[in-house]
Asks: 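Questions regarding the structure given below will be posed in turn.
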Number of protein chains: 2
Amino acid sequence: MAYQNSLAALADPTRRAVFERLADGPQPVGRLARGLPVSRPAVSQHLKVLKEAGLVRDRAEGTRRVYAIDPEGLGALRRYFDQFWDQALAAFAAEAEKDPQPQAGED
Amino acid sequence: MAYQNSLAALADPTRRAVFERLADGPQPVGRLARGLPVSRPAVSQHLKVLKEAGLVRDRAEGTRRVYAIDPEGLGALRRYFDQFWDQALAAFAAEAEKDPQPQAGED
DNA sequence: ACTTACCGTAAGCTATGGCTTATCAAAATT
DNA sequence: AATTTTGATAAGCCATAGCTTACGGTAAGT
């Protein structure tokens, strides 16, 4: 039920970059920010959005906050597109059957 | 190479609704707009964005424009998340191996 | 105990995005 | 040929989103 927020979360390029960097493994905020063209607070804000979307988890480690990808959210997104793909494919097949050689004018 | 725009395109709820309706099969603009809480120009604008993102195709049919899902764009999106999923899973496995019972303090 | 490193939140600015109404174009209908 | 239907585009408005700087708070190091 969460793919809506997930999609919105991954729409922003910077936020997507943050997320993609986490695919290499868990990382603290500072390290994430160091490789990006935005400030650390900006990264924090992005991480908050990603977390609320169920795409990342975080855990405290001393004074650091280590963020990692949440397989839950990513999985939901994958399922969404898979299901979508199947549905679209079925519609395609139905269309092709109804109209084998589309030439002109049918309603 | 187009999943960036695709994600941005599907971030908006209304636009996503347009796209999801097309999963049932090709439809002209008017019919799409009739079931949505926005005006027809709004739907046209959304379709333009979806088209530029490679998510839909359109073809003229008399005075109507029939829009349909473009499997190309949808497939690219699916591949993106599949690849991402694999990468994240590998990172997870590596993490678990490096640190079987996480207790405290390692860098 | 004091300082330093790390991080989240608040406030404020600016740009962008989505919506509406109005207008124009083309094909179908009469 | 005049009207109607269908759709795209333009202009303009308003809300939201993302960024920055500034601040506060906690844990570690000295």
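Heavy atoms only: backbone and side chains are in, while hydrogens, waters and symmetry mates are out. Letters A, B, ... mirror the listed sequences (proteins, then strands); counts begin at 1.
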Asks: Walk along nucleotides 10-19 of chain C from 5' to 3' and tag each nucleotide B, S or - by protein heavy-atom contact under 4.0 Å, base first, then sugar-phosphate.
Replies: B-------SB
Asks: Restricting to side-chain hydrogen bond (donor to acceptor under 3.5 Å, both in side chains), what partner residues turn up for Lys51(B), sequence neighbours left out?
Replies: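 Result, side-chain hydrogen bond (donor to acceptor under 3.5 Å, both in side chains) vs Lys51(B): Asp58(B).
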Asks: Going 5' to 3' on DNA chain D, which nucleotide is the first and which the last to come under 4.0 Å of a heavy atom in chain A?
Replies: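 First and last nucleotides in contact are dG18(D) to dA28(D).
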Asks: Check this one for me: any side-chain N or O of Ser44(A) less than 4.0 Å away from OP1 or OP2 of dG8(C)?
Replies: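 Yes, within the criterion.
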Asks: Of Arg65(B) and Thr63(A), whose closest DNA chain D nucleotide lies nearer the 5' terminus?
Replies: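 Checking each residue's closest nucleotide, the 5'-ward one belongs to Arg65(B).
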Asks: Heavy-atom count around Arg16(A) CZ within 6.0 Å, excluding the residue itself: above 12?
Replies: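 Yes, enclosed.
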Asks: Starting at CG of Asp12(A), measure out to CD of Gln45(A) and round the result to the nearest 0.5 Å.
Replies: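 Separation between the atoms: 11.0 Å.
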Asks: Can you list the residues that meet the side-chain contact (heavy atoms from CB on, under 4.5 Å) rule with Ala42(B), with sequence neighbours excluded?
Replies: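 Residues passing side-chain contact (heavy atoms from CB on, under 4.5 Å) with Ala42(B): Val38(B), Ser39(B).
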Asks: Between atom CZ in Arg40(B) and atom C1' in dT20(C), what is the gap in whole Å?
Replies: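 Computing the Arg40(B):CZ to dT20(C):C1' distance gives 14 Å.
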Asks: Can you tell me how far CG of Leu77(A) sits from CG of Asn5(A), rounded to the nearest 0.5 angstrom?
Replies: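 Atom-to-atom, Asn5(A):CG and Leu77(A):CG are 11.0 Å apart.
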Asks: Please work out which residues in residues 22-32 of chain B have a non-hydrogen atom less than 4.0 Å from an atom of DNA chain D and list them by number.
Replies: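 Those residues are Pro28(B), Val29(B), Gly30(B).
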Asks: For a quick test of your reading: what N or O donor-acceptor pairs under 3.5 Å do the side chains of residues 78-88 of chain A make, sequence neighbours left out?
Replies:
{"from": "Arg78(A)", "atom 1": "NH1", "to": "Asp82(B)", "atom 2": "OD1", "distance (Å)": "2.9"}
{"from": "Tyr80(A)", "atom 1": "OH", "to": "Glu20(B)", "atom 2": "OE2", "distance (Å)": "2.8"}
{"from": "Asp82(A)", "atom 1": "OD1", "to": "Arg78(B)", "atom 2": "NH1", "distance (Å)": "2.9"}
{"from": "Gln87(A)", "atom 1": "NE2", "to": "Asp24(B)", "atom 2": "OD1", "distance (Å)": "3.1"}

Asks: Hey, is the side chain of Tyr67(A) poking within less than 4.0 Å of OP1 or OP2 on dC6(C), counting only N and O atoms?
Replies: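 Tyr67(A) to dC6(C) OP1/OP2: no side-chain N or O under 4.0 Å.
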